[in-house]
Every structure is written in structure tokens, then in C-alpha cells.
**Q** 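Shown below is the structure under consideration.
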Amino acid sequence: ISVTIFTSFFQAGAEILVEKVGNAGVITLNRPKALNALNMNMIRLMYPQLKKWETDKETDIVIVKGAGGKAFCAGGDIIAVTEAGKIGDALAKNFFREEYILNNTIGTYQKPYVALIDGITMGGGVGLSVHGRFRVATEKTLFAMPETAIGLFPDVGGGYFLPRLQGQLGLFLALTGFRLKGRDVQRAGVASHFVESQKIAALEKELVDLKTPSIEDVSRVLDSYQKRSSLDAEKPFVLEQHIDLIDKLFQSNSVEGIVHNLKTDGSPFAQKQAETLAKMSPTSLKITFKQLQAGGAMSLQEVLVMEYRLSQACMVVLFFCFVCLVLVDKDHSPKWSPSTLKEVSEQSVEDCFSSLGDRDLKL
């Protein structure tokens with residue numbers, strides 16, 4: 001690449017690498033040892049760069065990827081947020097606020113935004129990709145929203161995109177934390193395209209070589225690479241034989257209703273999901289159910305305001321001891337309190353959705 005069209009703005013050891021390649025802005029999440037988990041510093045580097053490129057006449061497309069070959073971004077750096085919250089540090093408030101503002105920037109971006117989700121993409125990594133116009137999965141992509149297992153809820157706009165997946169699939173993914181791999185991430189509607197990992201470098205080169213690309217131009221390139229990616233094409237969608245059952249069993253007006261449906265059905269698949277839900281935080285399950293019910297009729301901005309309220313409620317009510325148990329102490333048998341769905345009052349769930357007044361998220 002000639003010096004005239006390639007400029008780098010990054011320093012050695014930087015957690016975000018920012019490059020300008022021709023008319024393309026390229027951001028690389030660069031914490032490979034931490035599976036590119038998103039921290040506050042990364043958010044604060046990424047947000048102004050995206051805003052700058054959005055109005056820059058010489059930037060026509062933005063590409064976001066992860067370093068190291070294992071992960072796009074395995075989630076938010078929750079341990080840091082938890083430790084800060086314990087000592088009353090403002091990070092617990094600021095992290096979610098600034099992360100959600102970044103998610104909204106991606107969701108409303110005025111230029112083609114392409115996330116190359118080659119590898120683990122969970123939690124915060126989903127927020128950096130799923131709201132963008134183009135999300136390219138590979139056979140190495142592993143997607144999940146595992147938050148109900150750590151006393152949280154599928155945030156970063158999960159309340160917006162999950163209810164918009166087919167049938168009850170989004171609710172199923174949100175409550176159970178079920179993992180989708182490879183081509184199935186695209187089949188589920190989380191990714192827009194599937195391209196074999198070995199073709200990603202060539203795809204990126206073709207994208208950065210486009211001269212003033214429109215959405216249609218980018219779409220055409222991605223479609224052409226998808227057509228040439230036949231890996232696993234003959235394998236059915238992992239949930240194909242269960243989709244009708246998911247739609248039936250997860251159609252309920254309460255989490256208790258879903259659990260009842262699963263236990264009554266008695267099929268091996270239903271039994272397995274009932275066992276999974278029994279391990280999750282009962283409070284998280286109820287919050288998540290209400291979040292997705294409401295989010296299906298909201299704009300992304302309304303959802304993020306709602307989720308910021310939930311994040312702050314979880315910081316106070318639920319979250320710290322569970323994250324310590326599950327993530328910090330590596331004890332995978334957390335003692336939830338309340339310990340059953342029945343003990344989680346409707347009022348306590350309702351309170352989590354209450355306005356924060358002048359502390360509400362402003363977009």
C-alpha cells in the first residue's frame with residue numbers, strides 16, 4: 001500500500017488501532033490477550049473517531065475488526081466495572097452511559113459500517129457490531145448474550161435487536177444464553193453475511209479499494225463473497241428442528257409460564273432448556289423478559305435509555321456479588337437472592353425500569 005493512501009494514527013501497545021486506508025477508516029480492537037474485551041479507554045478512543053469519520057469528506061466507509069484471530073470482542077470488561085462499583089467509583093455509571101452512546105452512534109451511522117465478527121462476539125462485542133448495517137460472520141464466529149448467568153441482562157441494545165429476530169428466537173437466546181456458531185449466526189439474523197475466515201483479508205482489501213462506495217456497492221461486494229463461501233452450507237441451522245417448539249414454548253406472558261411450558265412438554269430439548277433456566281439469576285430472567293417485551297415496540301434510542309436504567313438498578317441490586325462469584329472467584333454455582341422466580345416480586349422488577357430523572361441517559 002503506498003504511503004500516499006495509508007495513514008496510521010496508532011501507537012505501539014494501544015488498545016484501539018486506528019488506520020486510514022484510502023477512503024476507508026479501519027478500527028482494530030487490540031486487546032487480544034483479553035479477547036478484545038471492551039473497556040472504558042477503548043470506548044473513549046472509538047467514539048470520537050467514529051464521529052470524526054462520519055463527517056469527514058475523505059472517509060466513505062468504516063470497518064471494525066478484532067486483533068489476534070480468536071475474538072472480535074468477547075464482551076465488556078465487566079470485572080473492572082464491578083471492582084469500581086464496589087468502591088463507589090463513577091466508572092460503574094460512566095461505562096454503561098458511554099458504551100450505550102457508542103452503540104447508538106453505530107446504530108445511526110450515516111456511512112457504510114462493516115463489522116468483521118471473525119471469532120468470539122458476545123455482550124459488548126455484539127453492541128459494537130449488531131447495530132451496524134453490515135455484520136460479517138465466519139466459521140470462527142461464536143455469538144451469545146450470556147448475561148442472565150451473571151446476574152445482568154442482555155444490554156447494549158439487546159432489547160432492540162433480539163425481539164426483532166424470527167418468532168421467539170430472540171427471547172430464547174436472551175433467557176438461555178444459547179450459543180450460535182459460524183453460519184448459524186447469519187441464519188439467525190444476527191449477522192448480515194457469512195464469509196469464510198480465509199477470505200476475510202481479501203474482502204477487507206476489496207472494501208477499502210472501493211471508490212466512494214454506496215451502501216449498495218458494499219452490499220454487492222459482501223454478497224459476492226458470501227456466494228463464494230460454501231463452508232457448512234449443507235448443514236442445517238442448528239435450531240431448525242426446534243424452531244417451532246421454541247415459538248410455542250417461549251410464547252407466554254411470564255417467565256414462570258415459559259418454565260411451565262418447558263417442563264410440561266417433556267421433550268429432551270425442552271428439558272435441557274428448563275435445566276438451563278434453573279441455573280440463571282431469577283431476577284435477571286424476569287428483567288430480561290420484561291425488557292424484550294417492551295423493546296419490541298421501541299426505537300433503539302428508547303431501548304438504550306431503558307437499558308441504562310436497568311444497568312444502574314443491577315449495579316445496586318443484583319450484580320456485584322454474582323459477578324464476583326461467576327467471573328472473579330470462578331465459582332460457577334452462584335447463590336442467587338432471591339433464589340426462585342416466585343420470590344422475585346413484580347414490584348422489584350418494575351422498580352428497575354423506573355426513570356432516573358436527570359441521571360437518565362441522553363442521546
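Positions are given from 1 along the sequence. We use all heavy atoms of the structure for the numbers below, so side chains are in, but hydrogens, waters and symmetry mates are not.
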**Q** Drop me the distance from Thr121's OG1 to Asn36's CG, to the nearest 0.5 angstrom.
**A** 9.5 Å
**Q** Honestly curious: do Leu128 and Val190 fall in one hydrophobic cluster under the side-chain, below-4.5 Å linking rule?
**A** yes
**Q** Measuring only between side-chain heavy atoms, which start at C-beta, is Val221 closer than 4.5 Å to Leu207?
**A** yes
**Q** Please give me the minimum heavy-atom distance between Ala270 and Gly266, naming the atom from each residue.
**A** CB-N, 4.4 Å
**Q** Residues in salt bridge (charged side-chain N to carboxylate O under 4.0 Å, His left out) with Asp217, at least two apart?
**A** Arg220
**Q** What residues, two or more places apart in sequence or in another chain, satisfy ring-ring contact (aromatic ring centres under 6.0 Å, His included) together with Phe161?
**A** none
**Q** Establish, yes or no, whether a centroid distance under 6.0 Å links the rings of Tyr308 and Phe96.
**A** no
**Q** Looking at Ser129 and Gly125, would you say the former's side chain and the latter's main chain have a donor-acceptor pair under 3.5 Å?
**A** yes
**Q** State, to 0.1 Å, how close Gly157 and Val303 come at their nearest heavy-atom pair, and which atoms those are.
**A** CA-CG1, 4.2 Å
**Q** Check whether Asp265 reaches the backbone of Asn261 with its side chain - one donor and one acceptor, N or O, closer than 3.5 Å.
**A** no
**Q** If only atom types and distance count, is the side chain of Thr105 paired as donor or acceptor with the main-chain N or O of Ile101 below 3.5 Å?
**A** yes
**Q** Does Ser254 reach the main-chain N or O of Gly257 with its side chain, forming a donor-acceptor pair under 3.5 Å?
**A** yes
**Q** In Å, rounded to the nearest 0.5 Å, how long is the span from CG of Asn30 to CD of Glu15?
**A** 8.5 Å
**Q** Provide the closest heavy-atom pair for Gly182 versus Ala137 in the form atom of the first, atom of the second, distance.
**A** O-CB, 4.1 Å
**Q** Can a salt bridge be assigned to the pair Asp244 and Lys248 using a cut-off of 4.0 Å between side-chain N and carboxylate O?
**A** no
**Q** Going hydrophobic residue to hydrophobic residue with side-chain gaps under 4.5 angstrom, can you get from Tyr47 over to Val64?
**A** yes
**Q** Verify side-chain hydrogen bond (donor to acceptor under 3.5 Å, both in side chains) between Glu216 and Ser219, making sure each step is shown before the conclusion.
**A** CA-CA 5 Å; Glu216 292 71 30; Ser219 214; over 6 Å; no
**Q** When you look at NZ of Lys362, are more than 12 heavy atoms from neighbouring residues, nucleotides or ligands closer to it than 6.0 Å?
**A** yes
**Q** To the nearest 0.5 angstrom, please state how far the CG atom of Leu361 sits from the NZ atom of Lys93.
**A** 14.5 Å
**Q** Is there side-chain contact between Arg183 and Phe237, with at least one heavy-atom pair below 4.5 Å?
**A** no
**Q** So Gln301 and Leu304, side-chain contact (heavy atoms from CB on, under 4.5 Å) or not? Walk me through it.
**A** CA-CA 5 Å; Gln301 291 71 38; Leu304 290 169; 5.9 Å; no
**Q** Do any N or O atoms from the side chain of Thr288 and from the backbone of Ala174 form a donor-acceptor pair under 3.5 angstrom?
**A** no
**Q** Taking side chain as C-beta onward, heavy atoms only, is Asp232 less than 4.5 Å from Lys235?
**A** yes
**Q** Is a side-chain donor or acceptor of Lys140 paired with a backbone partner of Ile117 at a separation under 3.5 angstrom?
**A** no
**Q** Working to the nearest 0.5 Å, report the span between CE of Met42 and CG of Leu29.
**A** 4.5 Å
**Q** Indicate the atoms forming the closest heavy-atom contact of Gly124 with Leu38, along with that distance.
**A** O-CD2, 4.5 Å
**Q** So do Phe353 and Arg309 actually touch side chain to side chain, heavy atoms under 4.5 Å?
**A** no
**Q** Would Glu98 and Arg44 count as a salt bridge (Lys or Arg N to Asp or Glu O under 4.0 Å) here? Give the steps.
**A** CA-CA 8 Å; Glu98 294 184 37; Arg44 287 181 172 172; 2.7 Å; yes
**Q** Counting N and O atoms only, with roles assigned by atom type, does the side chain of Gln251 sit under 3.5 Å from a partner on the main chain of Gln168, one being a donor and the other an acceptor?
**A** no
**Q** Quick one: closest heavy-atom pair of Pro213 and Asp60, and the distance?
**A** CD-CB, 3.4 Å
**Q** Does either side chain, that of Ser229 or that of Lys199, offer a donor lying less than 3.5 Å from an acceptor on the other one?
**A** no
**Q** So if I apply the salt bridge (Lys or Arg N to Asp or Glu O under 4.0 Å) rule between Glu256 and each of Lys286, Lys263, Lys342, which one comes out positive?
**A** Lys286
**Q** Given the ring of Tyr160, does Arg164 sit roughly above its face, with NZ or CZ under 6.0 Å from the centre of the six-membered ring and within 45° of the axis?
**A** yes
**Q** Roughly how far, to the nearest 0.5 Å, is the CD atom of Glu99 from the CG atom of Asn104?
**A** 12.5 Å
**Q** Are Phe194 and Leu142 connected in a single hydrophobic cluster, I mean Ile/Leu/Val/Met/Phe/Trp/Tyr linked by side-chain heavy atoms less than 4.5 Å apart?
**A** no
**Q** Please round to the nearest 0.5 Å and tell me the distance separating atom CE of Met145 and atom CG of Leu175.
**A** 12.0 Å
**Q** Under 3.5 Å, side chain of Tyr109 to main-chain N/O of Leu50, donor-acceptor pair present?
**A** yes
**Q** Could Lys181 and Asp184 be called an ion pair, given the rule that one side-chain N must be under 4.0 Å from one carboxylate O?
**A** no
**Q** Testing the 3.5 Å rule here: is there a donor-acceptor pair between the side chains of Glu343 and Ser339?
**A** yes
**Q** Working note: Ile246 + Gln273, criterion side-chain contact (heavy atoms from CB on, under 4.5 Å); need CA distance, chi angles, decisive distance, verdict.
**A** CA-CA 10 Å; Ile246 287 170; Gln273 306 322 310; over 6 Å; no
**Q** Between the side chain of Arg187 and the main-chain N/O of Val185, is any donor-acceptor distance below 3.5 Å?
**A** no
**Q** Ring centroid separation for Phe178 and Phe172, is it under 6.0 angstrom?
**A** yes
**Q** Treating Glu139 as the side-chain partner and Ser197 as the backbone partner, does any N or O pair qualify as donor plus acceptor under 3.5 Å?
**A** yes
**Q** So Ile27 and Leu17, do their side chains get closer than 4.5 Å, heavy atoms only?
**A** no
**Q** Could you check whether any side-chain heavy atom of Ile16 comes within less than 4.5 Å of a side-chain heavy atom of Thr28, counting everything from C-beta outward?
**A** no
**Q** Of the non-hydrogen atoms in Gln226 and Val195, which two are nearest, and what is the gap between them?
**A** N-CG2, 4.1 Å
**Q** When hydrophobic residues are tied together by side-chain contacts of less than 4.5 Å, even through go-betweens, does Leu300 share a cluster with Phe153?
**A** yes
**Q** Is it true that Leu231 and Leu203 fall in one hydrophobic cluster, defined by side-chain heavy atoms closer than 4.5 Å?
**A** no
**Q** Check Glu350 with Lys290, please: is the shortest side-chain N to carboxylate O separation under 4.0 Å?
**A** yes
**Q** Is there a side-chain contact (heavy atoms from CB on, under 4.5 Å) between Val26 and Glu204 once you walk through the steps?
**A** CA-CA 10 Å; Val26 181; Glu204 188 182 340; 3.9 Å; yes
**Q** Can you check whether Tyr100 reaches Ser311 side chain to side chain, under 4.5 Å on heavy atoms?
**A** yes
**Q** Let's go through Leu116 and Phe72 carefully: what are the C-alpha distance in whole Å and the side-chain angles of both, what is the deciding distance for side-chain contact (heavy atoms from CB on, under 4.5 Å) to 0.1 Å, and is it a yes or a no?
**A** CA-CA 7 Å; Leu116 303 175; Phe72 169 69; 5.8 Å; no
**Q** Compare all side-chain heavy atoms of Leu45 with those of Val18 and state whether any distance is below 4.5 angstrom.
**A** no
**Q** State whether Arg228 and Glu196 are salt-bridged, where the test is any N-O pair (Lys NZ or Arg NE/NH1/NH2 against Asp/Glu carboxylate O) under 4.0 Å.
**A** no
**Q** Quick one: salt bridge (charged side-chain N to carboxylate O under 4.0 Å, His left out) partners of Asp351, sequence neighbours excluded?
**A** none
